[in-house]
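I have placed the structure first, in the form of structure tokens, so that the comments after it can refer back to it.
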Protein chains: 2
Amino acid sequence: MTALTSQTPEAIYLATTLKAWDVWIGRANKFLGSLSDEALFQEIVPGKNRAIYVLGHLLAVNDGMIPQLRLGELTYPELREIFITQPDRAVAELPSASELRAKWADLHSRLNALFSELTPSQWLERHATVSEEDFALEPHRNRLALLLSRTSHVSYHIGQLLLMPRP
Amino acid sequence: MTALTSQTPEAIYLATTLKAWDVWIGRANKFLGSLSDEALFQEIVPGKNRAIYVLGHLLAVNDGMIPQLRLGELTYPELREIFITQPDRAVAELPSASELRAKWADLHSRLNALFSELTPSQWLERHATVSEEDFALEPHRNRLALLLSRTSHVSYHIGQLLLMPRP
């Protein structure tokens with residue numbers, strides 16, 4: 001990364017925002033690393049989603065950022081039905097813990113590479129779910145807004161996951 | 001607010017980030033409005049913090065933004081001990097639900113007024129817990145970073161609160 005001290009204000013805005021994303025993905029990584037494969041299949045709290053479902057949900061939602069940011073196709077389109085459309089336990093056979101761990105690592109590497117290719121100005125371009133006409137009137141519906149929304153979506157679910165009994 | 005379409009890139013960065021804060025405070029307001037005073041004293045899930053403690057904690061932490069952003073003194077210094085230093089149930093008598101609701105509304109109005117006074121460039125100035133020397137080397141330790149961190153702190157706890165049985 002270019003030294004922040006030599007950057008423009010918008011570059012510092014962007015670097016600060018990407019750092020917040022990294023912090024929460026780092027917390028998710030740490031949580032994922034702290035649970036055994038067996039523990040991943042435990043409920044967060046009695047009667048609620050299992051940890052593996054929540055992590056699969058974050059994986060599928062974060063993968064969705066790629067088309068939503070207009071940066072390419074979904075990496076794992078098959079995960080949407082399992083972890084977004086359907087609730088936990090509706091799908092009899094979930095991906096294994098090891099498959100989910102590998103996809104998690106691969107996706108977040110891919111996202112980091114894609115994010116680093118966008119300039120600060122490109123982050124202010126529209127995201128995919130707003131039309132060019134609407135975006136002209138509502139320029140805050142930009143890629144940055146999507147990144148902020150997904151960062152807080154990660155922290156929302158990390159808050160839940162950390163209610164689990166820890167080893 | 002000035003029309004976003006006429007704003008500089010850094011102003012759009014800031015407006016987008018403040019909008020994300022507003023979204024999560026709006027969700028917290030909605031949650032707070034959906035619970036009776038009695039329900040506020042229920043545990044989120046068995047054996048965990050009560051909703052009133054979590055909301056009091058968010059109130060005290062968000063109040064802390066004022067000195068941390070170098071914008072003034074704490075509004076409710078007495079809440080820090082109850083809702084940050086001490087865990088739930090360590091303090092025998094919590095503020096009443098109605099007192100907490102009123103302070104919540106007042107604080108977030110005050111924060112909005114303070115936030116709106118800062119220019120986009122002032123948001124890139126250092127926050128209070130970094131020295132001027134360190135900030136010269138690490139310009140991402142700015143007020144914006146604190147806002148992003150507190151936004152995700154709200155969403156983290158809203159994720160937990162929404163595990164409560166709802167009416």
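Only heavy atoms go into these numbers, but all of them, side chains included; no hydrogens, no water, no symmetry mates. Just so we're on the same page: letters track the sequence lines, and every chain starts at 1.
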Fill in the blank from the handout: Turns out that what part of B/I158 lies under 4.5 Å from chain A's heavy atoms comes down to both
Practice task
Identify whether B/L94 and B/W104 are in the same connected component of the hydrophobic contact network (ILVMFWY, side-chain heavy atoms under 4.5 Å).
Solution key: yes
Exercise for the section: Verify the cluster assignment for B/L79 and B/L114: are they in a single hydrophobic cluster under the rule of side-chain heavy atoms below 4.5 Å apart? Expected result: yes
Problem - A/V61-A/L58 co-clustered via ILVMFWY side chain contacts under 4.5 Å - result: no
Problem - Residues, nucleotides or ligands: over 12 heavy atoms within 6.0 Å of B/E78 CD - result: yes
Handout entry: Student check: side-chain heavy atoms of B/Y13 and A/P9 closer than 4.5 Å
Key = no
Handout entry: Top of A/L124, A/T151, A/L162 for chain B proximity - count of heavy-atom pairs under 4.5 angstrom
Key = A/L124
Handout entry: Spacing of A/N49 atom CG and B/L163 atom CG [to the nearest 0.5 Å]
Key = 8.5 Å
Problem - From CG (A/L146) to OG1 (B/T16), nearest 0.5 Å - result: 11.5 Å
Exercise for the section: Return the option, out of B/P120, B/A145, B/S149, with the maximum number of heavy-atom pairs under 4.5 Å with chain A. Expected result: B/P120
Practice task
Give the cluster check for B/I84 versus B/L107: same hydrophobic cluster or not, with ILVMFWY residues linked at side-chain heavy-atom distances below 4.5 Å.
Solution key: no
Handout entry: Under 3.5 Å: donor-acceptor pair, side chain of B/K19, backbone of A/H140
Key = no
Problem - Donor-acceptor pair, side chain of B/Q160 and main chain of A/Q160, under 3.5 angstrom - result: no
Exercise for the section: Count the heavy-atom pairs under 4.5 Å between each of A/V154, A/V45, A/L161 and chain B, then report the option with the highest count. Expected result: A/V45
Exercise for the section: Using a 4.5 Å cut-off on heavy atoms from C-beta on, say whether the side chain of B/I12 contacts that of A/L144. Expected result: no
Fill in the blank from the handout: Scanning both residues in full, the closest heavy-atom pair of A/T17 with B/L148 reads CA-CD1, 3.7 Å
Problem - ILVMFWY network linking A/L14 to A/L118, side-chain heavy atoms under 4.5 angstrom - result: yes
Completion exercise
When rounded to the nearest 0.5 Å, the distance separating CZ of B/R27 from OG of A/S152 is 8.5 Å
Problem - Neighbour count >12 (heavy atoms, 6.0 Å) for atom CD, A/E73 - result: no
